[in-house]
A.B. asks: 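Okay, handing you the structure first.
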Amino acid sequence: MKVLVLNSGSSSIKYQFIETTTRQVLARGQVERIGMDDAVLSHVRIDGDTVKFSAEILDHNIAIEYVVAILLSKNHGVIKDKSEIEAVGHRVVHGGEEFSGSVLVTDEVIEKIKENIELAPLHNPHNLRGIIACKRLLPDTPQVAVFDTAFHQKMPEHAFIYGLPYELYKKYKIRRYGFHGTSHRYVSKRASEILGVPIEKLRIITAHLGNGCSMAAVMYGVSVDTTMGFTPLEGLLMGTRSGDIDPAIVLYIMGKEGLSMAEVNALLNKHSGLLGISGVSSDMREIIEEMRNGNPRARLAFDVFCYRIKKYIGAYSAVMGGVDAIVFTAGIGENSPDVRKKICEGLEFLGIKIDDEKNNSPEREKIITTDDSLVKVLVIPTNEELVIALDTAEIVSKVLANTK
Ligand code: AMP
């Protein structure tokens, strides 16, 4: 099935057009600066043909019109008729407690995504805009929503309830949700394929280390705990986000510095993490470079980043009564042997033996432990778009089979 995968943000839409049977990406691209008169569309076709142009793209409707037009275009396109877009799969950040899997988009689903806007005000409205634009532009094409939170919805209550008055959970749904679920699901499943062991028999710790970072304890195929919480701010140290801190610090800083809620929100989300500690950059490549140049704060940022991940490996091994595999993914996890090595140093007691040669080798997908290591450590490039496309194809095929 040919599926258009859309990731709609506030001012950008990323897309991939995927043939799910062959898993080929027929075309990919993005529209940036939506809302401006000089928005930019960049598009790459499977054969390498590339096009980039600027246009007035004032909203998501127009942006998606452009995406469909470029897919249809004689010179740069990959289809001859709109009907060749057999389904659309959307990334939706927050599915609240309603969605523990991907679903066909109906009016009822749209209403539920709207209800969850309060939980993800920076993401869900834009995801929804993408869905509504497709409904208008491709009214006969089925659409599927794939939620970042869904994979974590089977977490047990003791892992998702905070130590707050229980009424706050009932009243405002304040609980741990977790994010990056599509990525954790994909890499844990892929790890079981690579290891040749059914996922139902594996206890896997997945570490998605990109600009945003999170880990999950995936026990026999189910996410039983994850580091991100009510929002993506909790847990690991990230590019610009603090991750775990003592909540009393927030009140203390607000008093000391006279910060407003918006200012403290920006401080925790945009000025903390690697950037906040190093004072140099939120980008791990620059942190490592500065560290090599002898910058002590870059070294500190690197150490704090790795230490916290190691700490959660310990915690999640305890949660699952052991660990069989650890997976590193996303920008840092996939590309930084230094980070992987530092995290795994001292974990020999758990049964982890890193093979330096494998850790430093150029393969994208690999096992980086020695053959006799009891716990296997893997590097697996994440592929959220593929998961969205495959979920979409599966759900739409079922619906079509039932309507025949
Ligand atoms: P993502 O959000 O998955 O695109 O990941 C972005 C993060 O990956 C940034 O912190 C980059 O610095 C980091 N990254 C990308 N390539 C490398 C690399 N070769 N070494 C270290 N970090 C990298």
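All ligand and atom numbering here is 1-based and tracks the order in the structure. Computed from a prediction, not measured in an experiment: that's the story for all the values here.
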A.B. asks: Regarding S223 and H152, do their side chains bring together a donor and an acceptor under 3.5 Å, going by distance alone?
C.D. replies: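 Judged by distance alone, the side chains do pair up.
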A.B. asks: Between F305 and F302, is the ring centre distance below 6.0 Å?
C.D. replies: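 Between F305 and F302, the centre distance exceeds or equals 6.0 Å.
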A.B. asks: Considering only the protein, which heavy-atom contact is closest to atom 23 (C) of ligand 1, and what is its distance?
C.D. replies: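 That would be R285 CG, 3.6 Å.
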A.B. asks: In the protein, which heavy atom is nearest to atom 19 (N) of ligand 1, and how far is it?
C.D. replies: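 Ranked first by proximity to atom 19 (N) of ligand 1 is N335 CB, 3.3 Å.
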A.B. asks: Just wondering, are more than 12 heavy atoms of other shown residues or ligands nearer than 6.0 Å to NZ in K189?
C.D. replies: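 No.
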A.B. asks: What is the closest protein heavy atom to atom 10 (O) of ligand 1, and at what distance does it sit?
C.D. replies: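 Nearest neighbour among protein heavy atoms for atom 10 (O) of ligand 1, to 0.1 Å: M284 N, 3.2 Å.
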A.B. asks: Under 4.0 Å from any heavy atom of S336, which atoms of ligand 1 are there?
C.D. replies: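 Result: 20 (N), 21 (C).
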A.B. asks: Please indicate, with yes or no, if any protein heavy atom is found under 4.0 Å from atom 16 (N) of ligand 1?
C.D. replies: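 Yes; the ligand atom in question has protein heavy-atom contact below 4.0 Å.
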A.B. asks: Can any side-chain N or O of H60 pair as donor or acceptor with the backbone N or O of G9 at less than 3.5 Å?
C.D. replies: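 At least one qualifying donor-acceptor pair exists.
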A.B. asks: Ignoring hydrogens and angles, tell me if any N or O in the side chain of T240 forms a donor-acceptor pair with the backbone of G273 under 3.5 Å.
C.D. replies: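 It does not hold such a pair.
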A.B. asks: What protein heavy atom sits nearest atom 7 (C) of ligand 1, and how far away is it?
C.D. replies: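 In this structure, atom 7 (C) of ligand 1 has I332 CG1, 3.8 Å as its nearest protein heavy atom.
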A.B. asks: Ignoring hydrogens, just give me the one of D338, N211, D283, L209 whose non-hydrogen atom is nearest atom 12 (O) of ligand 1.
C.D. replies: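 Going through D338, N211, D283, L209 one by one, D283 has the nearest heavy atom to atom 12 (O) of ligand 1.
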A.B. asks: Looking only at atom types and distance, does a side-chain atom of H43 sit under 3.5 Å from a main-chain N or O of H76, one as donor and one as acceptor?
C.D. replies: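 Yes.
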A.B. asks: Can you tell me which residue and heavy atom of the protein come closest to atom 3 (O) of ligand 1, and the distance to 0.1 Å?
C.D. replies: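 Protein heavy atom at minimum distance: G331 N, 2.9 Å.
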